[in-house]
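Residue numbers count from 1 along this sequence. Values in this document were obtained by computation on a predicted structure and should not be read as measured data.
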Amino acid sequence: MPKSGSTPKITRRTALAGLAASAALLAMPRLGRAAEETIRIGFPTPLTGPFAAEARDQVKCAELAVKLVNDKGGIGGRKVELLVRDDKLNAGEAATRTLELIEKDKVHAVVGALSSAVQLAVNEVTRARGVIYVSISQSDTINEAKDFSKYTFHEALNPHMTTAAVARQTLKKGMKVAHLVADYAYGHEMLRGFKRAQTAIGADNVGEILHPFGAADYSTFMPRLMSMRPDVLCISNFGRDQANAIKQAVDFGVKQQMKIVVPVILHNQRLAVGPDVFEGVVGGANYYWGLETQSKSAAAFNAAFKAANGGAIPTDYGAYGYSGVGSLLAAMQTAGGTDTDKVVDALEKLQYDLTKGPQHYRKCDHQSVQSVLVLESKKKSAMANDNDLFAILANDSGSDDMLRSCSELGHAT
């Protein structure tokens with residue numbers, strides 16, 4: 001596959017960079033924790049960088065989950081505190097901040113990360129230290145046996161789930177499909193998911209182009225993609241990359257020739273560039289506020305968020321912060337405290353419904369089994385108000401059938 005530019009890539013190798021410098025800390029026995037009242041949850045997320053808007057939403061929703069528990073008296077009378085740290089979308093920074101949260105701040109668990117590669121660095125640290133980690137970033141790798149940790153639970157959807165759901169709604173046998181892919185872990189996992197789904201459907205792959213992470217200019221890619229004459233263009237990137245790529249594709253007239261689909265359609269990026277650019281773009285999502293007409297838990301989540309945030313609505317990646325922290329705190333309630341083994345056991349048995357319907361963590365890989373939404377961006381004339389961004393094309397209810405099998409992931413069955 002062609003590669004473009006010289007922007008550094010976030011790969012598995014770079015995701016683990018920076019951990020060597022912390023090896024001495026990892027080798028140390030974990031410091032004893034004095035008895036205390038406050039339950040501390042570490043929350044690393046990229047408050048600076050191209051995913052900052054999504055990260056801020058995660059923090060707001062995580063804070064809401066903590067507030068609602070504290071308003072009811074906490075966990076066994078103990079208040080909960082959220083310790084937010086900026087991982088700067090950097091694996092080494094994330095590893096350092098996570099170690100500080102564990103060693104200095106004595107957190108009882110960690111929730112967070114918004115990059116599929118950066119979360120692997122957090123996972124390495126928490127696994128080595130025996131600390132519970134609830135990941136809220138999409139990843140297939142973290143579920144595989146080689147990266148699995150008994151202490152890690154993956155609350156987010158994974159690329160296999162989102163690409164399969166989007167493909168079922170947009171691809172048909174014999175269609176020609178081209179791909180524009182961010183050249184780092186997230187993009188590669190999404191590409192793999194789309195290719196697997198299109199093979200099962202019988203669609204034909206006509207080409208793949210990689211672009212550097214954080215690219216501003218996509219003009220060199222568009223003529224090449226159009227020359228492939230696909231029926232569908234899958235754009236697998238995230239954050240500002242998604243907004244920039246779609247905007248420039250529209251400027252080149254791509255939508256007149258092909259349908260644009262994305263594995264994850266982002267609320268904030270749709271707001272950033274407006275309805276005309278995103279009109280007709282289809283993508284997957286973990287959450288959309290419009291579910292409130294279909295789900296009591298969505299309505300309750302929306303109402304609580306609005307009350308705490310001046311009437312604003314919660315976003316897709318914000319919902320991950322709420323459900324990630326919320327499921328952890330629910331397990332702590334069941335476990336009667338913060339004992340790691342008891343909380344792990346409670347998480348493995350947990351049945352929860354916080355934002356959109358029933359969810360549970362599959363025991364073999366700790367993946368959250370949950371529904372997947374497929375959304376289509378509305379044209380301006382079809383919007384009832386400024387928040388009416390998407391039409392819900394499908395709401396695939398969660399089941400183990402949506403996931404790769406435990407044996408395929410390398411887990412003993």
Side-chain angles (χ1 to χ4, degrees), residues 10-28 30 40-49 51-52 54-55 58-59 61-62 82-159 184-186 189 213 238-239 317 320-321 323-325 327-328 340 343-344 347 361 365-368:
I10 303 177
T11 63
R12 178 174 174 80
R13 180 174 295 175
T14 56
L16 300 179
L19 291 176
S22 303
L25 278 174
L26 287 172
M28 294 168 57
R30 190 171 180 193
R40 291 177 294 279
I41 309 298
F43 198 84
T45 193
L47 296 172
T48 53
F51 302 170
E54 286 76 21
Q58 284 187 337
V59 172
C61 288
L82 190 74
L83 281 66
V84 179
R85 299 291 183 268
D86 185 6
D87 66 29
K88 300 179 181 178
L89 203 64
N90 178 277
E93 185 77 16
T96 300
R97 298 285 82 78
T98 303
L99 278 167
E100 287 178 352
L101 284 165
I102 294 170
E103 296 298 332
K104 180 181 177 181
D105 299 305
K106 305 292 189 297
V107 296
H108 297 87
V110 175
V111 180
L114 215 165
S115 159
S116 56
V118 170
Q119 72 178 336
L120 293 177
V122 176
N123 185 56
E124 289 293 325
V125 175
T126 53
R127 177 167 61 176
R129 305 306 288 170
V131 174
I132 292 171
Y133 172 42
V134 180
S135 171
I136 53 176
S137 170
Q138 285 213 32
S139 174
D140 275 327
T141 304
I142 203 167
N143 298 107
E144 295 172 357
K146 65 180 183 300
D147 285 301
F148 178 74
S149 165
K150 65 174 283 188
Y151 307 106
T152 295
F153 292 79
H154 191 233
E155 161 58 26
L157 297 172
N158 62 46
Y184 71 110
Y186 173 91
E189 289 186 358
F213 171 73
F238 193 87
Y317 266 69
Y320 279 143
S323 52
V325 172
S327 62
L328 171 66
T340 298
V343 176
V344 167
L347 281 165
Y361 290 108
D365 63 346
H366 292 171
Q367 169 63 43
S368 178

*Are Thr48 and Asp86 linked by a side-chain donor-acceptor pair shorter than 3.5 Å?*
yes
*Closest heavy-atom contact between Ala113 and Ser137?*
O-CB, 3.4 Å
*asked:* If you define the side chain from C-beta out and look only at heavy atoms, does anything of Val110 sit under 4.5 Å from Ile132?
replied: no
*Can you find a pair of side-chain heavy atoms, one from Leu114 and one from Ile136, that are under 4.5 Å apart?*
no
*So do Leu101 and Pro44 actually touch side chain to side chain, heavy atoms under 4.5 Å?*
yes
*asked:* Minimum heavy-atom separation for Asn143 and His154, please, with both atom names.
replied: OD1-ND1, 3.7 Å
*What class does the angle between the rings of Tyr186 and Tyr184 fall in, given that below 30° is parallel, 30 to 60° is tilted and above 60° is perpendicular?*
parallel
*Would you check if Asp87 and Val122 make a side-chain contact, meaning some heavy-atom pair closer than 4.5 Å?*
no
_Residue pair Tyr151 / Thr126, side-chain heavy-atom distance below 4.5 Å_ = no
*Grab the two heavy atoms, one from Gly130 and one from Thr340, that are nearest each other, plus how far apart they are.*
O-CG2, 3.9 Å
*Considering all heavy atoms, the nearest Gln138-Ser116 contact*: O-CB, 3.1 Å
_Side chain proximity check, Phe213 to Leu89, heavy atoms < 4.5 angstrom_ = yes
_Minimum heavy-atom distance Glu189-Ser139, with the two atoms named_ = OE1-CA, 3.2 Å
*Identify the residue among Asp105, Thr96, Thr98 that makes a side chain to side chain donor-acceptor pair (under 3.5 Å) with Arg85.*
Asp105
